[in-house]
Amino acid sequence: MPDSKLPDSKSPDSKSEHAKAGFQYSLSNLKPAAPVDKVTISFPDGAKREYPRGTTGFDIAKGISPSLAKRTVAMALNGDLADLNDPIDEDAKLELVDRDDPRALELIRHDCAHVLAEAVQALWPGTQVTIGPVIENGFYYDFFRNEPFTPEDFAAIEKKMREIIGRDKPFTKEVWDREKTKQVFRDKGEAFKVELVDAIPGEEPIKIYYQGDWFDLCRGPHMTSTGKIGNAFKLMKVAGAYWRGDSNNPMLTRIYGTAFAKQEQLDAYLKQIEEAEKRDHRKLGRELDLFHFQEEGPGVVFWHAKGWSIFQALIAYMRRRLAGDYDEVNAPQILDKSLWETSGHWGWYRENMFAAQSAGDEAEDKRWFALKPMNCPGHVQIFKHGLKSYRDLPLRLAEFGVVHRYEASGAMHGLMRVRGFTQDDAHVFCTEDQLADECLKINDLILSTYSDFGFEGELTVKLSTRPDKRVGTDEMWDHAERVMATVLNEIKAQSNHVRTEINPGEGAFYGPKFEYVLRDAIGRDWQCGTTQVDFNLPERFGAFYIDADGAKKAPVMVHRAICGSMERFIGILIEHYAGSFPLWLAPTQVVVTTITSEGDEYAKQVLAALRRAGLRAEIDLRNEKINYKVREHSLQKIPALLVVGKKEAETHSVSVRRLGRDGQTVMPTAEAIAALVDEATPPDVRRRQREAA
RNA sequence: GCUGCCGUAGCUCAGUGGUAGAGCACUCCCUUGGUAAGGGAGAGGUCGACAGUUCAAUCCUGUCCGGCAGCACCA
């Protein structure tokens, strides 16, 4: 195998031809030639030029200016990134990509992953390499090795990586024969690579990229040399990951890293991670006394008074939004397992359900009951109770339903993934004709709710289609997916900050669904709401209504949630607001405190007035310095602090200090309370007030 | 569930093969101070649980429980 290669792996003959041709057809010297030998290249500025067929991006760049060639790391042909030394065989739009081009970032990261792999193999020979793709904020590489890596190894690996980058060897590409490739990797003991070669579709070329002596199977593209990666990279963490993402396969060791074009960008990214850690809801939940978990209840929340206050504010908000359209119901927590057999859950999801039976040895009823993992079967029972007419439809049943699911131990994560949670669930029973309208009505409710909570960023609605594990006929699925696709288009047409996507195979087992993904204050995406169309469950349970023609018909059932899990939604809110809740949600909205004990009586009067006005107010009469009390309530993220001293008591005023702002304003107490009451008005109530006015 | 790491006071964390410490928080005392930490004293721990090794285990070994980071899963 050649150890040092020119940047172009084609035959030397064709190479020199290109070089000559490139010279001949340089900028100022375009000469006609046989059309079959030429390609027309269009440049971003609109200019078009002809080049010999098979010329490379590098040749073109060099023809324009050597310094351009030097700083160009890759090219984009008709918008697709490619190796700069790829021959261009067809007319194309060409963009030369330098390190600062946003598109170069994925190349920097991908190249960095290759360098990581070389470094690891240099340090620990015998380690098998597998795959190393670019991901959202960096890259990873999966290795197979008996000894796991630890973060303590990072310094050594990074040092070796800098060495490899410093050597600045060109990335060169060869296309290998499939069998030869497998033999080479087999000889090297790279069993995983052999499997990867086998997985490449027959018609695709087997591409090998060299960086000096080291090479890897790779789809590419890469930059021109390792030196272009630069110095702004960092290994982040080490973790296990299954080979090919399948839990039946062996577990590999994954090293995560990130890389940027510039050090400032890397620093900014690391800073952002730090910021995200500061608003971790588990940390804030403890600091702000909102909730806790403990060993006896893995995955179930102990809500403290302040956290529960947020929970209640959230439910109160949702109840106001449902009023008039929905009927709120409440279905039992545990039901005989036969009901779950009918629904299909016992068959599909038994492993993830909690079951209960009498704990008494002598109990006469030893039936198995299941804790509800979903509210839908309960709601179908309510629908079935009493004969329904088409005139009753759409019938919308809502429940703040507490459900339990036995989540895998490793899946649990603070409030975000728990074993017992409350869904803001509802099921709409309707006719097929009403289906599209109902979906759109739910869409309005979801979008306006997110906006009320200050999620103003981009929103994604994903349509998930039939999974492998499913019930119902293909005709049912065809129909349901058709309706949903139409609705999706309508959703997109209605709003300008909504993006839509299709998620093939991700639907629920009983029907396709929409998933609503909101973006929080620091740009993270969270899937919350969902609308699921179900042509199966009503039939399975024998639910029907009497249609206008007197015939029995199965209603269509729409499952929908806005927040999804209230617990999780509060977790998201905590991180979104970084614990500084808007006044209408804040557990304690205002604290009254004193400068000296002389103010106690007046402070109590102010407190009483605040509470009469409906505000969640507390008082702090502790014998502490005002500095200390201000600090403490600021750390507790109390939105408003009313300080009263001798002066305020004499003038019936308060000194108002707002969280996040320096200084304070003295104003008449009545005026301060009125302003707070106004600000504490929930956004939906305010909207209604405005509409009424 | 899998891989790796972790579990000491309410919180953040030191520490040791001879049954433990700091800061903050807490309680009491002094201090009445005008907007992000005033001072002093005190109380607080079966060192996650259970086995094993040892004269002796919080420390070593094993199992279990719980957590963290990923992966897998998410009706």
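So that the names make sense, note that chain A is the first sequence line, chain B the second, and so on, each numbered from 1.
Regarding A/F154, its CZ atom lies at a distance of 13 Å from the P atom of B/rC5, rounded to whole Å. Atom-to-atom, CD of A/E296 to P of B/rG67 comes out at 11 Å; the value is rounded to the nearest Å. The nearest whole Å value for the distance from the NE2 atom in A/H304 to the P atom in B/rG10 is 14 Å. One can place CH2 of A/W243 at 19 Å from P of B/rU3, the figure rounded to the nearest angstrom. A/E287 places its CD atom 13 Å from the C1' atom of B/rG10, with the value rounded to the nearest Å. Residue A/F293 contributes atom CZ, which lies 17 Å from atom C1' of B/rC65 at whole-angstrom precision. Straight-line distance from the CG atom of A/D620 to the P atom of B/rU32: 18 Å, rounded to whole Å. Atom CG in A/L284 sits roughly 14 Å away from atom C1' in B/rC11 (whole-Å rounding).
A salt bridge is defined here as a Lys NZ or Arg NE, NH1 or NH2 lying under 4.0 Å from an Asp or Glu carboxylate O, and A/R524 with A/E575 meets this definition. A salt bridge does not link A/E618 with A/K306: every distance from a Lys NZ or Arg NE/NH1/NH2 to an Asp or Glu carboxylate oxygen is 4.0 Å or more. A salt bridge links A/D280 to A/R282: at least one charged side-chain nitrogen sits closer than 4.0 Å to a carboxylate oxygen. A salt bridge links A/K337 with A/E341: the distance from a Lys NZ or Arg NE/NH1/NH2 to an Asp or Glu carboxylate oxygen falls below 4.0 Å.
The nearest heavy atom of RNA chain B to A/S409 and to A/R622 marks one nucleotide each, and the one closer to the 5' end goes with A/S409.
Proximity of a side-chain donor or acceptor of A/Y510 to a complementary backbone N or O of A/G472 within less than 3.5 Å is not detected. Although no hydrogens or angles enter the test, the distance criterion places a donor-acceptor pair under 3.5 Å between the side chain of A/T669 and the main chain of A/H652.
For A/D534, the side chain to side chain donor-acceptor pair (under 3.5 Å) partners two or more places apart in sequence, or in a different chain, are A/H559. Listed by chain and residue number, nothing satisfies the side chain to side chain donor-acceptor pair (under 3.5 Å) test with A/K647 (two or more places apart in sequence, or in another chain). For A/Q272, there are no side chain to side chain donor-acceptor pair (under 3.5 Å) partners two or more places apart in sequence or in a different chain.
Atom name P, nucleotides B/rA14 and B/rC60: the rounded distance is 15 Å, in whole Å. B/rU61 and B/rG44: their P atoms are spaced 33 Å apart (whole Å). Between the P atoms of B/rA69 and B/rG33, the separation comes to 48 Å (whole Å). Using P as the reference atom, B/rU27 and B/rG4 are 45 Å apart when rounded to the nearest Å. The separation of B/rA9 from B/rU63, taken at their C1' atoms, amounts to 28 Å, rounded to a whole angstrom. B/rU58 and B/rC13 are spaced 16 Å apart, taking the C1' atom of each and rounding to whole Å. The gap from the P atom of B/rG10 to that of B/rC26 amounts to 14 Å, rounded to the nearest Å. One P atom belongs to B/rA20, the other to B/rU46, and the distance between them is 12 Å to the nearest Å.
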* Asked: Base, backbone or nothing for each nucleotide of nucleotides 35-50 of chain B, written B, S, -, heavy atoms under 4.0 angstrom, 5' to 3'?
  -> BBBB------------
* Contact letters for nucleotides 68-75 of chain B, in which S counts primed atoms plus P, OP1 and OP2 and B counts the base, heavy atoms under 4.0 Å -> SSBBBBBB
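Note on ring orientation: taking the six-membered ring where Trp is involved, the planes of A/Y349 and A/H345 are tilted (angle from 30° to 60°). Ring-plane geometry between A/F260 and A/Y269 is classed as tilted, the angle between the planes lying from 30 to 60 degrees on a 0 to 90 degree scale.
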* Taking only Watson-Crick and G-U wobble pairs with both distances under 3.5 Å, what dot-bracket line describes RNA chain B, where [ ] shows pairs that cross earlier ones and | shows pairs with another strand? -> (((((((..((((....[..)))).(((((.......))))).....(((((..]....))))))))))))....
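In terms of phosphate contacts, A/S597 brings no side-chain nitrogen or oxygen within less than 4.0 Å of OP1 or OP2 of B/rU32.
Between A/W243 and A/F144, the ring center distance fails the sub-6.0 Å criterion. In this structure, A/H576 has its ring center at least 6.0 angstrom away from the ring center of A/F569.
Using a 4.0 Å heavy-atom cutoff across all strands shown, A/K629 reaches no nucleic acid atom at all.
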